[in-house]
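To find a chain, count down the sequence lines: A is the first, B the second, and so on, and within it residues start at 1.
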There are 2 protein chains.
Amino acid sequence: MKLALPETERNRLKHALKSRNRRPTRQRTCVYEVILEKRDHPTADDIHLRVREKLPSISLATIYNCLDTLVECELVKQVHLDRAPTRFCPNRNPHAHFHCRVTGQVYDVSLDDERLSIIEKTLPDGFTADTIELSFIGQGPKSDTIS
Amino acid sequence: MKLALPETERNRLKHALKSRNRRPTRQRTCVYEVILEKRDHPTADDIHLRVREKLPSISLATIYNCLDTLVECELVKQVHLDRAPTRFCPNRNPHAHFHCRVTGQVYDVSLDDERLSIIEKTLPDGFTADTIELSFIGQGPKSDTIS
DNA sequence: GAAATAAATGGAATGATTCTAATTTCTGTG
DNA sequence: CACAGAAATTAGAATCATTCCATTTATTTC
């Protein structure tokens, strides 16, 4: 098998898995690989299609399993927009998402440390968040070209 | 039919609907009423159960229709957490949500104007958001009593 | 390399949401 | 008030994302 995954990412994956006593299987590696390759925000189904080009017999259930593991390992984030299938995102830096109503496109919007800490301080005492999801919905720049 | 909805809310609903050329039907009124009554974050299904106590023959499809209308009229917000059914929330003030991993409970977290405007300024030029969804996931205060 | 454990698999099951076609309810007009 | 037309509701079927389960396969450990 050719290793399409760069050394750094490969190691990140291996370590993240090991530290949680999870095995670095071919399927997990490939799912991670595919998500990194094209930095859009694919659904489990999209990912299934792409992974199948390399591992033709992989099942959708496995895609979900792998994704859950990657999320657990904090290598991938889930994005929940509207009443729509969950999307997955390999951007590990703090960021928000912008969802264009016109084109349906999803963009990453980077969040600087200061803003992030301001947002975190919103929480009253007693609440501890390990995950923050911030999404904007509206009109993106490209949507001009449509109408 | 008894009017359980306070005058203010009733008017708000009526006006919001009228301004969009939508009719204030019994079903819409009742759905709105039920959501305001108990300020948790019910799913469409929860709402269906509650509304049925007053309009026993209302269908789930209508609940979805009514909710969509209420969302359109900005009287109700949708909350998308995890891979779970959409929840609905009648809090019209700017606010975020906190989802407790332990109890499953969802809390409103109010967002002051300053924070809100800082968050809004995160967007690069060319992007215009009409909706912002901010959610925290973690451990809430009550979860102590569990373990 | 064999046993023990974790992961993958296919297919069935579940469950939220949407769709459709038929009926009912409103609204404005005469 | 009766009527035509538009908007909403309805039940049930259809869709589609996600999960579950029992079995098979891969990985790790000794």
Colleague: Which pairs, with at least one residue in residues 81-90 of chain A and sequence neighbours excluded, count as a salt bridge (charged side-chain N to carboxylate O under 4.0 Å, His left out)?
Modeller: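 Qualifying pairs, neighbours excluded: Arg83(A)-Asp68(B).
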Colleague: What is the distance from CG of Leu81(A) to P of dT17(C), rounded to the nearest Å?
Modeller: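 So the CG-P distance, Leu81(A) to dT17(C), works out to 15 Å.
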Colleague: Should Arg83(B) be listed as having a side-chain N or O under 4.0 Å from OP1 or OP2 of dA17(D)?
Modeller: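 The answer is no; no side-chain N or O of Arg83(B) sits under 4.0 Å from OP1 or OP2.
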Colleague: What's the CG-C1' distance between Asp82(A) and dT18(C), to the nearest Å?
Modeller: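 Nearest whole value for this atom pair: 13 Å.
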Colleague: Rounded to whole angstrom units, what separation is found between the NZ atom of Lys54(A) and the P atom of dA8(C)?
Modeller: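 Atom-to-atom, Lys54(A) to dA8(C), this comes out as 17 Å.
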Colleague: Looking at Arg20(B) and Glu72(B), would you say the former's side chain and the latter's main chain have a donor-acceptor pair under 3.5 Å?
Modeller: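 Checking the backbone N and O of Glu72(B) against the side chain of Arg20(B), a donor-acceptor pair under 3.5 Å is found.
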Colleague: Whole Å only: how far is the CG atom of Leu55(B) from the P atom of dT25(C)?
Modeller: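 Result: 12 Å.
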Colleague: Tabulated below should be each protein N or O lying under 3.5 Å from an N or O of nucleotides 9-14 of chain C; please produce it.
Modeller:
{"residue": "dT9(C)", "atom": "OP1", "partner": "Gln27(A)", "partner atom": "NE2", "Å": "3.3"}
{"residue": "dT9(C)", "atom": "OP2", "partner": "Thr62(A)", "partner atom": "OG1", "Å": "2.7"}
{"residue": "dG10(C)", "atom": "OP2", "partner": "Ser57(A)", "partner atom": "O", "Å": "3.1"}

Colleague: Output yes when a side-chain donor or acceptor of His80(B) lies under 3.5 Å from a complementary backbone atom of Val79(A), and no otherwise.
Modeller: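 Such a contact is absent between His80(B) side chain and Val79(A) backbone.
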Colleague: What is the distance, rounded to the nearest whole Å, between atom CG of Asn21(B) and atom C1' of dA8(D)?
Modeller: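 Rounded to the whole Å, the gap is 14 Å.
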Colleague: Can you tell me the distance, in whole Å, between the CG atom of Leu17(A) and the C1' atom of dA6(C)?
Modeller: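 To the nearest whole Å, that distance equals 12 Å.
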Colleague: Within the pair Thr86(A) and dA17(D), is there a side-chain N or O less than 4.0 Å away from OP1 or OP2?
Modeller: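 Thr86(A) to dA17(D) OP1/OP2: no side-chain N or O under 4.0 Å.
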Colleague: Under 4.0 Å between a side-chain N/O of Thr25(B) and OP1 or OP2 of dT9(D), yes or no?
Modeller: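 Yes, Thr25(B) has a side-chain N/O under 4.0 Å of OP1/OP2 on dT9(D).
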Colleague: Provide, to the nearest angstrom, the distance between the CD atom belonging to Gln78(A) and the P atom belonging to dA17(D).
Modeller: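 In whole Å, dA17(D) P lies 15 Å from Gln78(A) CD.
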Colleague: Relative to the 5' end of DNA chain D, which residue comes earlier, Arg28(B) or Pro85(A), by the nucleotide with the nearest heavy atom?
Modeller: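 In this pair, the answer is Arg28(B).
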Colleague: Heavy atoms from C-beta onward define the side chain here; which of dA8(D), dA7(C), dT27(D) lies closest to that of Arg22(A)?
Modeller: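 When the side chain of Arg22(A) is considered, dA7(C) is the closest of dA8(D), dA7(C), dT27(D).
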Colleague: Give the rounded distance in Å between these two atoms: CZ of Arg26(B) and C1' of dT27(C).
Modeller: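 Distance, rounded to whole Å: 16 Å.
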Colleague: Check side chain to side chain donor-acceptor pair (under 3.5 Å) between Thr43(B) and all other residues, then give those that pass, not counting sequence neighbours.
Modeller: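 If we apply the side chain to side chain donor-acceptor pair (under 3.5 Å) test to Thr43(B), skipping adjacent residues, the hits are Asp46(B).
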Colleague: State whether the distance check finds a donor on one side and an acceptor on the other, under 3.5 Å, for side chain Arg23(A) versus base dT5(C).
Modeller: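 Donor-acceptor pair under 3.5 Å: yes.
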Colleague: Strictly below 4.0 Å, N to O, side chains only: are Glu33(B) and Lys54(B) in salt-bridge contact?
Modeller: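 Salt bridge: yes.
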Colleague: Nearest 0.5 angstrom please: Arg28(B) CZ to Leu75(B) CG, how far?
Modeller: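 Here the interatomic distance stands at 11.5 Å.
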Colleague: Within the distance-only criterion (no hydrogens, no angle test), does the side chain of His48(A) pair as donor or acceptor with the backbone N or O of Ile58(A) below 3.5 angstrom?
Modeller: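 Checked: pair present.
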